[in-house]
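One-based numbering along the sequence shown.
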Amino acid sequence: MKLWARWFRIPFWQRVLGAFVLGALAGWAMGDRAGTWLQPLGTLYVQLIRMIATPLVFFAVIHAVSALRGQKSVAALGGRTFLWFAVTAALAVGVGLGTAALTKPGLGVGTLQAASDFKPRQVPGPVQVLLDVVPTNPFAALAEGKMLQVIFFAGLLGFALVKLGDRTARLRTLVGEASEAMIQVTRFVLELTPLGTFGLIAALVGTYGFERLLPLGTFVLTLYLACAVHVVFVYGGLLAAHGLNPLRFFRGAAPGMQVAFVSSSSFASMPVALRSITHNLGVDRDYAAFAVPLGASIKMDGCGAIYPAMTSLFIAQYFGLTLSAPQLFIILLASVLGSFGTAGVPGTAVVMTTVVLSAAGLPLEGLGYLLAIDRVLDMMRTLTNVTGQMLVPVLVAREEGLLDLAVYNRASSNVGLEEEPQPPSPAA
């Protein structure tokens, strides 16, 4: 028991970082065998996270919509959230274009061969995307984890509870209790994050092979640099402009960022991100329950903004094309609007890049060159996505008075089994 207690006294981020290092060493030592023996640990963790994601969002959104009726207008909060989604996406496109213009990753890479399994994606039209948000069978949407459909149906139920008032008081109480139960289940699952990190990283290092990175090493480094610049300077600058200490934010958001990096999945990271901004950073839980799942569906600064912008310049440089000012504007507009239009479509990065390349008149075949290294790219893209999905609720909560500054300023980096932080007791 002493060893168990000592383990939980180690800060969460340190446990995950240690597992990351050990996993990389194990993958390097075991080679291909790491994929056979250690990948199941990572797969189990991701399945557990996905298991809790849908019921967590379903009950949390119902509870949030019914609870927010007495605080701030859901429509007003939603509008401000969407505005910041768009602003940060536009800034991300600028960072992607600027970084690629400086490093020129498409020059000097020799002759590339497209991935054998590459096929241009069929992108659904905007009307079809809107129609797909409405579930024909809400139980099927819950079973299949179609998050936008789940949010839509849960939001309708929440508004219905508001409309019915006292007649559904007991049901509102039950939904709130179910939401609390799912939060507790989330705490349990999150304690397995170091184990999952170990398995995922070991399998990646053991089976990937550095030879696949060498021809496109400049592109990989450029993407990582662009994402780092966006996260540190753009996000940090926005936090500072709101009177918030950026270091506190990154400390509190670290668990969500770590899980995003190793899992490469916004939905798998969503329970951790939700827990991080409420438990660690003091965002109102009812607002966060609405904003974070929405962000996991449509807020993709890494996959939907930086990556398509960089890929456009990479392909133009590789084929010796010169992008005109109108084409650059089209890339900006398509990246910002396209991330909303392809919400909920599997393979967001590929779909978004297809949209942007088509809009700018660039050859789609160039995208196939990058698929061989997509797993390594996706780690940093997803970290950027999830960081933005945590940032925007913090900014909006700050603007709307829904941020507990006392919790934010002492930002914990632990999302474990301990209870919610309590405000300090007043001096006697």
Colleague: Using the ring-ring contact (aromatic ring centres under 6.0 Å, His included) criterion, which residues pair with Phe219? Sequence neighbours excluded.
Modeller: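 Listed in chain order: Phe314.
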Colleague: Does the side chain of Asp378 come within less than 4.5 Å of Cys303's, by heavy atoms?
Modeller: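 A side-chain contact exists here, since the closest heavy-atom pair is under 4.5 Å.
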Colleague: Does some side-chain heavy atom of Leu323 sit less than 4.5 Å from a side-chain heavy atom of Ile331?
Modeller: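 The answer is yes, as the side chains (C-beta and beyond) meet within the 4.5 Å cut-off.
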Colleague: Donor-acceptor pair, Arg285 side chain versus Thr278 backbone, under 3.5 Å?
Modeller: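 Absent.
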Colleague: Can a donor-acceptor pair be found, under 3.5 Å and without considering hydrogens, that links the side chain of Asp284 to the backbone of Leu402?
Modeller: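 Such a contact is absent between Asp284 side chain and Leu402 backbone.
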Colleague: So how far is it from Glu191 CD to Arg15 CZ, rounded to the nearest 0.5 Å?
Modeller: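 The distance works out to 5.0 Å.
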Colleague: Quick one: does Thr54's side chain have a donor or acceptor within less than 3.5 Å of a partner on Arg50's backbone?
Modeller: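 No, the answer is negative, given that no donor and acceptor are paired below the 3.5 Å cut-off.
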Colleague: Would you check if Thr43 and Gln47 make a side-chain contact, meaning some heavy-atom pair closer than 4.5 Å?
Modeller: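 In short, these two side chains touch, coming nearer than 4.5 Å.
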Colleague: Is it the case that the side chain of Thr168 and the backbone of Gly165 share a donor-acceptor pair, with hydrogens and angles ignored and the cut-off at 3.5 Å?
Modeller: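 Yes: the side chain of Thr168 pairs with the backbone of Gly165.
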Colleague: Rounded at 0.5 Å granularity, tell me how far OG1 in Thr353 sits from CG in Leu362.
Modeller: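 Rounded to the nearest 0.5 Å, the OG1-CG separation comes out at 11.5 Å.
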Colleague: To the nearest 0.5 Å, tell me how far Asn385 CG sits from Ser264 OG.
Modeller: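 Result: 10.0 Å between the selected atoms.
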Colleague: Check whether any side-chain heavy atom of Tyr224 sits under 4.5 Å from a side-chain heavy atom of Val376, and report yes or no.
Modeller: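 Sidechains of Val376 and Tyr224: in contact.
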Colleague: Would you please test Val292 and Met270 for side-chain contact (heavy atoms from CB on, under 4.5 Å) and show each step?
Modeller: CA-CA 7 Å; Val292 172; Met270 182 179 57; 3.9 Å; yes
Colleague: Would you say Gln389's side chain and Lys299's backbone share a donor-acceptor pair under 3.5 angstrom?
Modeller: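 Looks like yes, one N/O pair under 3.5 Å.
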Colleague: Partners of Tyr45 by ring-ring contact (aromatic ring centres under 6.0 Å, His included), sequence neighbours excluded?
Modeller: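 Testing Tyr45 for ring-ring contact (aromatic ring centres under 6.0 Å, His included), a comparison that skips the adjacent residues, returns none.
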Colleague: When you measure from the side chain of Thr382 to the backbone N and O of Met379, does any donor-acceptor pair fall under 3.5 Å?
Modeller: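 No.
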Colleague: Output every pair passing salt bridge (Lys or Arg N to Asp or Glu O under 4.0 Å) with a member in residues 246-269, not counting sequence neighbours, ordered by first then second residue.
Modeller: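 Residue pairs with at least one partner in residues 246-269: there are none.
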Colleague: Is any side-chain heavy atom of Leu142 closer than 4.5 Å to one of Val150?
Modeller: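 Contact flag for Val150/Leu142 side chains = yes.
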Colleague: Please check if the side chain of Ser179 supplies one atom and the backbone of Val175 the other of a donor-acceptor pair under 3.5 Å.
Modeller: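 Not a single qualifying donor-acceptor pair exists.
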Colleague: Contact between Gln149 and Thr136 at the side-chain level, heavy atoms closer than 4.5 Å - yes or no?
Modeller: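 SC-SC contact between Gln149 and Thr136 ruled out.
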